[in-house]
Amino acid sequence: MSLDAQTLLDWFAETARDLPWRRPECTAWGVLVSEIMLQQTPVARVEPVWREWLERWPTPSALAAASQGEVLRAWGKLGYPRRALRLHAAAVDIAADHGDVVPDDVDTLLALPGIGAYTARAVAAFAYGKRCPVVDTNVRRVVARAAHGAADAGPPSTTRDLADVAALLPEEGAATYSAALMELGALVCTARTPRCADCPVFDTCAWQRNGRPAYAGPAKAVQKFAGTDRQVRGLLLDVLRGTSEPVGKARLDAVWSDAGQRDRCLHSLLVDGLVEQTADGLFALPGEH
DNA sequence: TAACCGTGGGC
DNA sequence: TGCCCAAGGTT
């Protein structure tokens with residue numbers, strides 16, 4: 001049996017990183033904040049920001065009381081700032097409709113902004129110990145290799161991926177088992193250069209047994225960044241993050257030479273609610289003026 | 001489904 | 001250097 005539960009639980013107990021959101025004293029709110037911040041952002045960059053947030057906003061209602069601009073500033077350069085706005089919106093919902101308590105039910109969590117199939121189950125499992133499959137990119141890769149004998153996971157399919165992992169979950173310690181699968185993918189069974197010599201399930205790995213065949217699935221789309229709207233939006237928002245007072249458009253125009261793209265990006269930031277225009281036509285982060 | 005949404009570090 | 005990758009979600 002590949003991915004034996006006891007083997008992984010033992011390995012996790014010995015080698016897991018001591019991350020603050022994994023500590024027993026961490027609240028469900030702390031877990032939720034960590035999961036949102038960790039979406040597409042590495043642990044090393046999240047940790048210091050997470051500590052600041054939990055000290056400053058220890059409960060959903062505390063964050064809910066902050067302005068969007070404060071929240072965006074505190075988000076800093078974690079990337080994908082719409083996550084910060086959605087987390088703020090989720091905090092408002094939790095404070096208003098859930099008694100300031102992070103829900104423990106997957107369907108209730110799924111109804112909150114910014115919480116999808118992964119995050120809902122991660123919170124249910126890691127904050128409340130629920131036995132539900134938690135599937136992220138690490139888990140998909142680990143299961144593809146150790147259980148299916150492929151070099152990497154194929155295109156994601158939430159239904160199939162959840163069923164795959166559900167079949168592996170032990171009756172006891174399921175949440176820790178999921179954390180161990182993720183940790184294995186993050187530290188050992190990595191995307192580029194897996195450290196198979198250090199793998200606790202090396203002996204039962206189907207990919208090893210198959211002779212480590214190369215990835216056979218469809219090519220994965222690589223995202224460009226340089227020159228895209230994403231880069232320009234990031235530059236525009238960075239100007240507003242760095243000033244306490246609203247700025248004129250000329251100040252924003254300085255960050256990018258292509259006027260058409262610049263204006264399109266500024267407009268989309270306004271539509272997304274990441275930027276606000278003041279009564280006198282200046283631009284600022286939302287909710288601060 | 002596939003494209004879009006930031007940012008920075010490693011190789 | 002340029003490309004790949006990182007605890008996804010939304011549309």
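So that the names make sense, note that chain A is the first sequence line, chain B the second, and so on, each numbered from 1.
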| request: Specify the residue among A/Arg22 and A/Arg86 whose closest nucleotide of DNA chain C lies further upstream toward the 5′ end. | output: A/Arg22
| field | Euclidean distance, atom CZ of residue A/Phe225 to atom P of B/dG8 [Å, nearest integer] | value | 8 Å
| task | May I ask you to decide whether A/Arg264 forms a salt bridge with A/Asp258, counting only side-chain N to carboxylate O separations under 4.0 Å? | result | no
| remark: Against the side chain of A/Asp136, the closest entry in B/dT7, C/dA7, B/dC5 is C/dA7
| Roughly how far apart, to the nearest Å, are B/dG6 and C/dT11 at atom P? | 14 Å
| C/dG8 OP1/OP2 closer than 4.0 Å to side-chain N/O of A/Gln40 | yes
| 5′-ward residue of the pair A/Tyr80/A/Pro156 relative to DNA chain B | A/Pro156
| remark: In whole angstroms, the gap separating C1' of C/dG8 from CG of A/Asp161 amounts to 13 Å
| remark: Taking B/dG8, C/dG9, B/dC5 as options, the one with an atom nearest any side-chain atom of A/Arg45 is B/dG8
| said: Please confirm whether the shortest side-chain N or O distance from A/Thr119 to OP1 or OP2 of C/dG9 is below 4.0 Å. | reply: yes
| Base, sugar-phosphate, or nothing for A/Pro155, non-hydrogen atoms under 4.0 angstrom? | nothing
| query | Side-chain N or O of A/Lys77 less than 4.0 angstrom from OP1 or OP2 on B/dG6? | reply | no
| query | Does one side chain, of A/Tyr118 or A/Gln39, offer a donor that lies under 3.5 Å from an acceptor on the other? | reply | no
| Under the ring pair (Phe, Tyr, Trp, His ring centres under 6.0 Å) test, residues paired with A/Trp207 that sit two or more places apart | none
| Touch class at under 4.0 angstrom, heavy-atom based, for A/Ala226 against every strand present | nothing
| task | Starting at atom NZ of A/Lys220, determine the distance to atom P of B/dA3, rounded to an integer number of angstrom. | result | 15 Å
| said: Between C1' on B/dT7 and CG on A/Leu236, what's the gap in Å once rounded to a whole number? | reply: 15 Å
| Hey, does A/Trp75 reach any base, or is it just sugar-phosphate, or nothing, if we go heavy atoms under 4.0 Å? | nothing
| Length of the line joining A/Leu87:CG and B/dC5:P, which is rounded to integer Å | 21 Å
| message | Say we look at B/dA3 and C/dC4: how far apart would their P atoms be, to the nearest angstrom? | response | 16 Å
Under-3.5 Å N/O pairs linking protein and nucleotides 3-5 of chain C:
unit_1, atom_1, unit_2, atom_2, d
C/dC4, O2, A/Arg192, NH1, 3.4

| note | Which of C/dA6, B/dG6, B/dC5 is nearest the side chain of A/Pro42? It is C/dA6
| query | CG of A/Asp229 versus P of B/dC5: gap in Å, rounded? | reply | 5 Å
| Gap between atoms CG and C1', on A/Leu187 and C/dA6 respectively (whole Å) | 13 Å
| field | Option among A/Val134, A/Leu169, A/Val165 that satisfies the side chain to side chain contact (heavy atoms under 4.5 Å, CB included) test with A/Tyr177 | value | A/Leu169
| field | Qualifying side-chain hydrogen bond (donor to acceptor under 3.5 Å, both in side chains) pairs with a residue from residues 148-158 of chain A, counting only residues at least two apart or across chains | value | A/His148-A/Asp164
| message | I need the CD-C1' distance between A/Glu35 and C/dA6, as an integer number of Å. | response | 14 Å
| query | P atom, B/dA2 versus C/dA7: distance in rounded Å? | reply | 22 Å
| query | Reckon A/Ile36 touches a base, only the sugar-phosphate, or nothing at all at heavy-atom distances under 4.0 Å? | reply | nothing
| remark: Using a 4.5 Å side-chain heavy-atom cut-off and chaining through intermediate ILVMFWY residues, the residues clustered with A/Leu252 come out as A/Leu72, A/Leu85, A/Val232, A/Leu235, A/Leu236, A/Leu237, A/Val239, A/Leu240, A/Val247, A/Val255, A/Trp256, A/Leu266, A/Leu269, A/Leu270, A/Leu274, A/Val275, A/Phe283, A/Leu285
| task | With heavy atoms under 4.0 Å as the rule, sort A/Thr228 into base, sugar-phosphate or nothing. | result | nothing
| Electrostatic pair A/Arg51:A/Glu47 at N-O distance under 4.0 angstrom | yes
| request: Please work out if A/Thr137 contacts a base, only the sugar-phosphate, or nothing of the nucleic acid, heavy-atom cut-off 4.0 Å. | output: sugar-phosphate
| task | Using a heavy-atom cut-off of under 4.0 Å over every strand shown, decide if A/Gly79 touches base, sugar-phosphate, or nothing. | result | base
| Partners meeting salt bridge (charged side-chain N to carboxylate O under 4.0 Å, His left out) with A/Arg262 (sequence neighbours left out) | A/Asp253
| task | Looking at every strand, decide which applies to A/Arg121 at a 4.0 Å heavy-atom threshold: base, sugar-phosphate, or nothing. | result | nothing
| request: Please collect all side-chain hydrogen bond (donor to acceptor under 3.5 Å, both in side chains) contacts where either partner lies in residues 15-34 of chain A, sequence neighbours excluded, each pair once. | output: A/Trp11-A/Thr15, A/Arg17-A/Glu183, A/Asp18-A/Arg23, A/Arg22-A/Glu183
| field | Touch class at under 4.0 angstrom, heavy-atom based, for A/Arg264 against every strand present | value | nothing
